[in-house]
Student: 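Here it is, the structure, as structure tokens.
Below, chain A is the first sequence line, B the second, and so on; all start at residue 1. Source: prediction; values computed, not measured.
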Amino acid sequence: MDAYAAERHCDASAVFQIVDLTASSDMTPTASGSASLSQIAQVKNGVVNQTYKLATLEKDYLKLDGSAVFVDSGESHESGWWSSAISDDSGVIDATLTLTFGSAHSAYGLTIYFDDKAKEVVSDYTITAYNSSGTAVATKTVTGNASVISGTVLGMTNFTKIVVHFTKTAKPHRRVRVTEVVCGIVEYFDRNSISSLKMIREISGDSSALPISEVQLTFDNSNQRYNMANPAGAFAYLKTGLPLTVKLGCGASDDTIEMADMGTFYYNTSNSDDDALTATITAQDVIQYMEKVPYTVPSGTTTTLAAMTTQINASLGMTLTWSLDSSVSATSLTNYATDSNVTCRQALQEACQALKCVCYVNRLGVVTVKPLAVGTVKEILNKDKLVTVPKITTEEHINKVVASNGDTISGTYTDKGSSEVLQEKDVSNSLLTSALASGVAQWLLKVSRRYKYTMTGRGNPERDLADTVTVVDAFGTNHTAMVTKHTIEYDGGISEEIEAVSEEA
Amino acid sequence: MSVNDKYLKIYQGGSWITLTGCRYSIGGDEVSKTVTMASGKVVKDVIGVRTTINAAWDGMPVEKINSLMTIVRSCGFINLEYQDVDGSIKQGYFSASQPDPEVFRFKADGTAVWHTFKVTFTAQEVS
């Protein structure tokens, strides 16, 4: 990615899924008839793209230009549901896809993904949602659809069955080809609909906190879909946990823009003034859930980071993906008392501090715990890449740290000159063991003496937390530092604020 | 910038209104964000060029004036078709300035005859 071209073109995109998060796993799809290539169970597997443009013999479909492929028997591929029926000379077809659910769900609408490789879509169809009594709770007819991704807003409440009746294909002599069906509306934002995007990601260098990364997306809401007072709006369906996936990119020209995955965040709040043309969605990473859920303490007097992550997953009822540094994952920690009132977030924060590590969620959604250490230099931040010269600060100078578990275990580290006044810092961490306490005290004192570099940069979407960079100061001196905070904004162009810390003193 | 002596078309109410006898010039404004780096180097994030069309009519049939005024006074984005400098026919959505026509003369029945009708169209999107 050419993030530093003198004339740079920038881009942003976001996908926000206003969906019923449990509907897919509860869905059973059936159809009026299926072609031999059909794999109807795939319409709920989360894959929205066909693997191939398949070579089939519908009239006026197959071009002998090498663009279509035959699938070997038994080869795994995504096809979704293909109807057995084929439309007539006018495109008229009679095919039905029925989705039944084990329990009642509510969704803002229905999104159908048609065959994206062959660009074969259905232009006319009717969606009807039924409740458990068989009464239709919502129905809507779509006409003239030309899009591979067809989202229909129809406000379905407490439905247990959805019937999609396809009546006309966009081209004659075609089957219905449905790759995926999503109970909800999937909003695709691009630079034509994004007003601004701001993302804040952060690491606590001494693990005195466990920061929550956040993204704020402001977008065109001229259709008033996100107005709270709009009875036909999406507000009633906005729930915690809806995923917002963000990409940012740049390049020397529009044609060479490379997009970087900035991660998936989860809906937290939305805001739209009734007299405004924009709305703002705020979404945060998975750490937000740890803040609200008590950590269920397992029995035993000791624990490990690996065991705690298993317990956090169980407490949250989620399967988070973890990356634990092998040097610390099995280190013995003091366990909490079983009646402790501690959140998952606090438990993870204390574990990280006791193990002299930092914790953050990387762009792939992996909760990463590792020591913050200098690695391969990813980037040299010189005056051509920075808008301002780096501001260098340090914390208040301390010369003694006492780390204790608030009970019987404590460790002390002192680094005080003979003429210095004593400046002591006390840190309490319930997970400390006698074997760890002194080392943690020493680490915290050294961490407090790191230099902190604060910079305004041009804006590089590829930079990640914990990346090692070389910072060139106002005097031309190089400093090796690790990125601890990255605030990046898109508003047609890209800008950023960077915080980085030096190695431990 | 080039000057054409041809026509503009405005899409309104399901059909195109052709505005002949028009002289228009095509310009544009660069939309970008310029930043001066710590080294003094100036860089920019280019968003694109916003096309502007300055159109003028010396005279226009009264029914065309009425149609155009109705469209312009709606203050919405106007679907406009025009010939670009390379000869290609382009189409896009534009906002329009409020025209400032002058009265050329009054007919015997008191009806005004208008001339020097000028409108600036500014593209909604950048290219």
Side-chain angles (χ1 to χ4, degrees), chain A residues 2-12 190-197 220 222 248-257 277 380-391 453-461 471-476 488-498, chain B residues 1 10-16 26-53 70-82 84-86 88-98 121-127:
Chain A
D2 191 355
Y4 295 102
E7 295 162 19
R8 186 175 67 168
H9 294 247
C10 304
D11 200 359
D190 60 16
R191 56 181 152 175
N192 277 329
S193 52
I194 294 174
S195 171
S196 66
L197 189 153
D220 177 9
S222 53
L248 280 178
C250 48
S253 70
D254 246 4
D255 299 331
T256 59
I257 291 175
L277 290 172
I380 298 171
L381 294 173
N382 57 27
K383 291 179 181 176
D384 272 350
K385 296 180 179 176
L386 298 174
V387 177
T388 56
V389 293
K391 179 182 173 186
Y453 306 94
T454 306
M455 302 155 276
T456 301
R458 179 88 188 277
N460 181 359
V471 178
V472 183
D473 70 17
F475 303 98
I488 192 162
E489 287 189 73
Y490 170 85
D491 59 355
I494 292 176
S495 58
E496 66 182 349
E497 301 286 334
I498 312 160
Chain B
M1 180 183 292
I10 294 176
Y11 192 73
Q12 168 72 2
S15 61
W16 287 96
I26 299 177
D29 296 316
E30 178 183 309
V31 183
S32 63
K33 295 175 183 297
T34 302
V35 179
T36 303
M37 307 309 290
S39 64
K41 181 181 179 182
V42 176
V43 297
K44 63 182 174 184
D45 285 349
V46 178
I47 298 172
V49 172
R50 192 178 307 284
T51 301
T52 56
I53 297 174
T70 301
I71 294 166
V72 168
R73 285 177 174 170
S74 73
C75 298
F77 287 103
I78 297 166
N79 192 352
L80 191 71
E81 184 182 290
Y82 62 99
D84 206 350
V85 290
D86 60 1
S88 63
I89 302 299
K90 296 275 179 64
Q91 189 180 328
Y93 282 88
F94 290 73
S95 59
S97 65
Q98 293 300 316
F121 297 98
T122 305
Q124 181 185 28
E125 297 185 1
V126 297
S127 55

Student: Hey, is the main chain of B/Ala123 close enough, under 3.5 Å, to the side chain of B/Arg50 for a donor-acceptor pair?
Tutor: yes
Student: What part of A/Arg458 is in contact with chain B, defined as an atom under 4.5 angstrom from a non-hydrogen atom: side chain, backbone, both or neither?
Tutor: both
Student: Heavy-atom cut-off 4.5 Å, strictly under: side chain, backbone, both or neither for B/Val46 against chain A?
Tutor: both
Student: Return the set of residues passing side-chain contact (heavy atoms from CB on, under 4.5 Å) with B/Ser74 (not counting sequence neighbours), or none when no residue passes.
Tutor: none
Student: Which bit of A/Asp11 is near chain B, if near means a heavy-atom gap under 4.5 Å: side chain, backbone, both or neither?
Tutor: neither
Student: For each of B/Gly40, B/Ala38, B/Gly48, tally heavy-atom pairs with chain A at distances under 4.5 Å, and name the one with the top tally.
Tutor: B/Ala38
Student: Would you please say whether a donor-acceptor pair under 3.5 Å links the side chains of A/Glu489 and A/Ser495?
Tutor: no
Student: Are side-chain N/O atoms of B/Ser88 and B/Asp86 paired as donor and acceptor at under 3.5 Å?
Tutor: yes
Student: Given heavy-atom pairs under 4.5 angstrom as the criterion, report whether the side chain, backbone, both or neither of B/Lys33 touches chain A.
Tutor: side chain
Student: Does A/Asp384 form a side chain to side chain donor-acceptor pair (under 3.5 Å) with B/Ser39? I'd like the steps, not just the answer.
Tutor: CA-CA 5 Å; A/Asp384 272 350; B/Ser39 64; 2.5 Å; yes
